[in-house]
Amino acid sequence: LNLRALAEDLLDLFLPRGCLGCGDRISPEEEESLVCGRCRTLLRCPPAPRCPRCDVPFGTGRPREALCLECESWPEILRSARAAVVMEPPADALVHALKYDGWRSLGSLMGRRMAEVCIQVSGGPLIVPVPTTSRRQRVRGYNQATVLAQVVSKRLELPLVDGLLRSHGGTQVRAGPRERREKVAGAFRVVSSARSRIRGRDVILIDDVLTTGATASSAAVALGEGGAGSVHLLAFARALPFGSGKRRALAG
Ligand SMILES: [Zn+2]
Ligand SMILES: [Zn+2]
């Protein structure tokens with residue numbers, strides 16, 4: 001029993017507050033909600049056309065069949081990536097509130113959006129969250145990806161396996177693509193007790209944000225070494241590589 005999480009959930013219920021997306025007061029008919037109706041409608045899925053593998057929206061005028069610079073360096077085992085929404089207001093505020101401010105209960109809204117994303121995985125895949133470092137998890141009391149994975153697992157009726165361990169590579173704020181890759185390379189391994197469950201299975205890897213895919217790549221390689229057949233990333237938000245300026249912080 002996580003007393004800290006329980007206390008926070010109780011506080012969520014009783015403290016008056018504004019919308020976690022925009023800060024405005026939530027109207028009485030939306031009182032049960034942490035996010036106002038306007039913010040919910042502002043959450044938009046990544047615009048088409050997108051890369052068939054990594055789902056990044058291609059800029060205007062870019063041929064659909066062009067080599068995608070976003071995912072060409074990804075390991076083969078990481079077959080695809082999908083995200084529910086674009087990392088722009090208010091999605092960035094929600095990611096921050098879940099990741100840094102202890103708003104664990106936001107996970108149900110975010111996880112539900114993720115569960116609606118269509119992922120092409122045959123058979124019965126496993127749901128595996130991207131772990132954070134143990135130090136960060138101690139500070140926060142939970143891993144945000146696990147919170148999202150629990151919701152996705154329930155909605156899609158797929159088994160959740162907390163099968164990865166992370167040894168380093170926790171902080172990526174302001175890291176460039178190369179630094180990011182170097183920082184998370186070799187950061188993950190499959191926990192030995194999960195090996196038999198992961199062997200030969202396809203995995204839906206869950207994270208809050210997809211930025212360059214460096215974290216997902218590293219986790220996917222570890223899952224492959226642990227015997228997974230393929231890995232598909234499902235994230236809540238996709239940081240757009242061009243023009244959004246949102247890439248610096250909240251990296252995943
Ligand atoms: Zn709002
Ligand atoms: Zn791509």
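The structure presented is a predicted model; accordingly, all values stated were derived computationally and were not measured. Remember, it's 1-based here, ligands and their atoms both numbered in the order they're listed.
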Colleague: Using the Zn ion (ligand 2) as the apex, give the angle to atoms SG (Cys51) and SG (Cys71), rounded to 10 degrees.
Modeller: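 My answer is 110°, to the nearest 10°.
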Colleague: If I take the Zn ion (ligand 1) as the centre, what angle separates the SG atom of Cys39 from the SG atom of Cys19? Nearest 10 degrees is fine.
Modeller: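 About 110°, to the nearest ten degrees.
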Colleague: Does the pair Arg238/Asp55 count as a salt bridge with the N-to-O cut at 4.0 Å?
Modeller: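 No, no charged N to carboxylate O under 4.0 Å.
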Colleague: Nearest heavy-atom pair of Ala115 and Leu156: which atoms, and what distance?
Modeller: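 Smallest heavy-atom distance, with atoms named: O-CD2, 3.5 Å.
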Colleague: Go through Arg113 and Leu43 one step at a time and tell me if the side chain to side chain contact (heavy atoms under 4.5 Å, CB included) criterion holds.
Modeller: CA-CA 10 Å; Arg113 296 296 286 252; Leu43 293 171; 3.7 Å; yes
Colleague: Give a yes or no on whether a salt bridge exists between Glu88 and Arg44, defined as a side-chain N under 4.0 angstrom from a carboxylate O.
Modeller: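 Result for this pair is yes, salt bridge flagged.
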Colleague: Nearest 10°: the angle subtended at the Zn ion (ligand 1) by Cys22 SG and Cys36 SG?
Modeller: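 Vertex at the Zn ion (ligand 1): approximately 110°.
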